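Here is the structure we will look at.
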Amino acid sequence: MAEPTHYPELSFESRMGSVEFRVAEQAHIVVDDRICADCSTRGCVVACPANLFVPTAAGGILFNYEQCFECGTCYLVCNEEGAISWSYPEGGHGVVFHRS
Amino acid sequence: MSNVATPAFGAPDFDAVVVGAGPAGSAAALELARAGRRVCLVERGPYPGAKNMYGGVVYGRILDTLLPNWWEEAPVQRWVTRRQTMILTETAATTLDVRNEAWGRPPYNGATAYRPDFDAWLAQKAVDAGAVLVCSTTVTGLLREDGRPDGKVVGVRTDRPDGDLTAKVVVACDGVNSFLAKEAGLYPTVDPANYTVGVKETIALPRDVIDERFGVRGDHGVDIEILGCTGDVPGGGFVYTNLDTVAVGLVLSLPELSRGDQRPEQLLARLKAHPAVAPLVEGGDVKEYSAHVIPEAGFDMMPELVGDGILVAGDAAAMCLAAGIWLEGVNFAIGAGAAAGRTAARAVQRDDTSAAGLAGYRARLESSFVLADHRRLRDAPHLVMGELAQQKMPRVVNGVVEELFTVTNPDPKPRLRTILRRQMKRHGVKWRDAVKDGLRAARTFG
Ligand SMILES: Cc1cc2nc3c(=O)[nH]c(=O)nc-3n(C[C@H](O)[C@H](O)[C@H](O)COP(=O)(O)OP(=O)(O)OC[C@H]3O[C@@H](n4cnc5c(N)ncnc54)[C@H](O)[C@@H]3O)c2cc1C
Ligand code: SF4
Ligand code: SF4
């Protein structure tokens, strides 16, 4: 498809900046990146709509829960049993949609 | 989440606890409250709808019996009077364009709406009928009779201090990830191939610009479903008009998305840059980006709907109808939630909320559109997500249309059947496969 011409595509930071997150103190998703080290597929990296799974130079995964849509994509595509401990944030916290 | 012990003494706090104040949960709580049952509706968001996103069109016919004249007060953005189905290749588009002014008058057909508005409105109806709504509270597990892991469900544990809520029946309306249905053992397996993820931008544009770009007036709006716009990932796209925003998004199959090299927002940027879509959506500020998973496989992925002391409704039971030209989940959730609420109310009255006492739920759904449509259309998600519909059909359709309308003087016009044969050959479509899928589609949709 043609590249956008007149209107430059939004940066990822401004894209995520359009979303309200009431960040909880406690992480609702925990990634055990010792298990990720053995993972050959790394589906979470490309599929997470919030781009929260960042491969590290050491071959692991850096994960931050703060700007998470709580969608479930990551645990559904995850390749290795036990790599992702997934739950919902504490009530009242996490993503808050207004116009979706 | 774990099975935790129940408090041993005393009457349950409520007749019913409904988990999740989405469309399914609010409909269930509304029917329970109307039947005079004591019902608590628990929602983890700070308000109903805060966690929920969709395309967005709500089909309101299911509300006619629940809330007569709902259209006079529902928080609607625009009434859909124009529907398009667009079939894209990288540079071409073929569009079926339908208008119907009757859809813009009572009793209406589809309406665009923001879920935080719509879900909060519907939940308020349940509250008005007598339900107790508790927000900002996440249910973390099921309570079982005598604390036995396979005991009857007798309530839920929440993340509030002293947050156990006991009830004669639990209605799980906790959406696509339904940890409650899974904990209750109602889902035999969870296969990522049954799920898609939806991403969407809500883009602000002045109201008159939207009217002009989409060719509508007043409170009328447009619904566009798009095929052939997701690269190598099976899926589809959509554009919807709100009053002063436009929603543009994609639905993407999880296994192929996670195996590919394009991220969701990159695929969305490609759709937004397509010559048939760019003039509709360009220029405005993105007011909100959002993402949510869809249970795509419909009938074939549904869990058991009933357990001892528990019912499952809406996306929690994979009741969203995602079949290409249709993307309907809100109406199915309301239909199922209302049926669950009525079943639960009867069971409480008869003092039998065991699986046997709740079995009427499935029968209610079988005799309504909820399971009738899903059963008949069970092949549709597979057809629409297959290679023929996703990759080859858009090329053949646009190739045929291009040849049909490209004037080739001084050569004479080719015959349609010559064009069709040539295009099918070019894009590797075998007659045998086309006929096979065609028949399957005719059986499914016909
Ligand atoms: C991209 C996309 C486009 C779509 N387009 C359309 C469309 O145009 N039209 C249409 O009709 N449908 C559409 N759908 C489908 C529709 O959104 C769903 O089918 C519908 O929302 C299902 O309603 P529900 O009540 O079952 O679940 P949900 O709407 O998901 O509600 C579940 C509720 O439960 C709450 N909850 C979950 N877990 C807990 C817990 N542990 N404790 C407390 N609360 C909890 C959640 O916060 C949420 O409010 C679309 C979906 C997506 C993702
Ligand atoms: S798919 Fe799972 S195991 Fe692999 S990198 Fe991602 S989180 Fe780790
Ligand atoms: S739940 Fe969704 S948004 Fe959150 S980390 Fe997982 S894939 Fe990313």
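The structure presented is a predicted model; accordingly, all values stated were derived computationally and were not measured. Below, chain A is the first sequence line, B the second, and so on; all start at residue 1.
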Fill in the blank from the handout: Turns out that what part of B/D159 lies under 4.5 Å from chain A's heavy atoms comes down to side chain
Practice task
Would you check if there is a donor-acceptor pair between the side chains of B/R160 and B/T137 at a distance under 3.5 Å?
Solution key: yes
Problem - Any donor-acceptor N/O pair, B/T112 side chain to B/T241 backbone, under 3.5 Å - result: yes
Handout entry: chain A contact via B/D261 - which portion, at a heavy-atom distance below 4.5 Å
Key = backbone
Handout entry: Electrostatic pair B/K272:B/E201 at N-O distance under 4.0 angstrom
Key = yes
Handout entry: Residue pair B/V190 / A/L76, side-chain heavy-atom distance below 4.5 Å
Key = yes
Handout entry: Toward chain A, the part of B/A278 with a non-hydrogen atom under 4.5 Å
Key = neither
Handout entry: Side-chain (B/Y54) to main-chain (B/G56) donor-acceptor, under 3.5 angstrom
Key = yes
Exercise for the section: Check each atom of B/N194 against the heavy atoms of chain A and say whether the ones under 4.5 Å are side chain, backbone, both or neither. Expected result: neither
Completion exercise
When the 4.5 angstrom heavy-atom criterion is applied to A/N51 and chain B, the contacting part is both
Completion exercise
Whatever's closer than 4.5 Å to a heavy atom in chain A on B/N52 counts as backbone
Completion exercise
Heaviest contributor of heavy-atom pairs below 4.5 Å to chain A, chosen from B/T202, B/L257, B/N177, B/V197, is B/N177
Problem - More than 12 heavy atoms of other groups within 6.0 Å of B/R207 CZ - result: yes
Problem - Side chain, backbone, both or neither of B/F118 within contact of chain A (heavy atoms, under 4.5 Å) - result: neither
Exercise for the section: Apply salt bridge (charged side-chain N to carboxylate O under 4.0 Å, His left out) to A/E70 and B/R44, showing your working. Expected result: CA-CA 12 Å; A/E70 301 151 31; B/R44 65 189 188 87; 2.7 Å; yes
Practice task
Indicate the ring-plane relationship of A/F69 and A/F21, choosing parallel, tilted or perpendicular according to the 30° and 60° boundaries.
Solution key: tilted
Problem - Portion of B/K51 that has a non-hydrogen atom of chain A nearer than 4.5 angstrom - result: both
Practice task
Examine B/Y240 together with B/F238 and report whether their ring centres are nearer than 6.0 Å.
Solution key: yes
Completion exercise
Interface check, chain A: of B/L254, B/N242, B/D285, B/V42, most non-hydrogen pairs under 4.5 Å belong to B/L254
Problem - Per-residue contact mode, B/V293 against chain A (heavy atom under 4.5 angstrom) - result: both
Handout entry: Contact winner vs chain A - B/H292, B/K200, B/Q77, heavy-atom pairs under 4.5 Å
Key = B/K200
Problem - Among the listed options A/G91, A/G94, A/S14, the residue most often paired with chain B at heavy-atom distances under 4.5 Å - result: A/G91
Handout entry: Per-residue contact mode, B/V286 against chain A (heavy atom under 4.5 angstrom)
Key = both
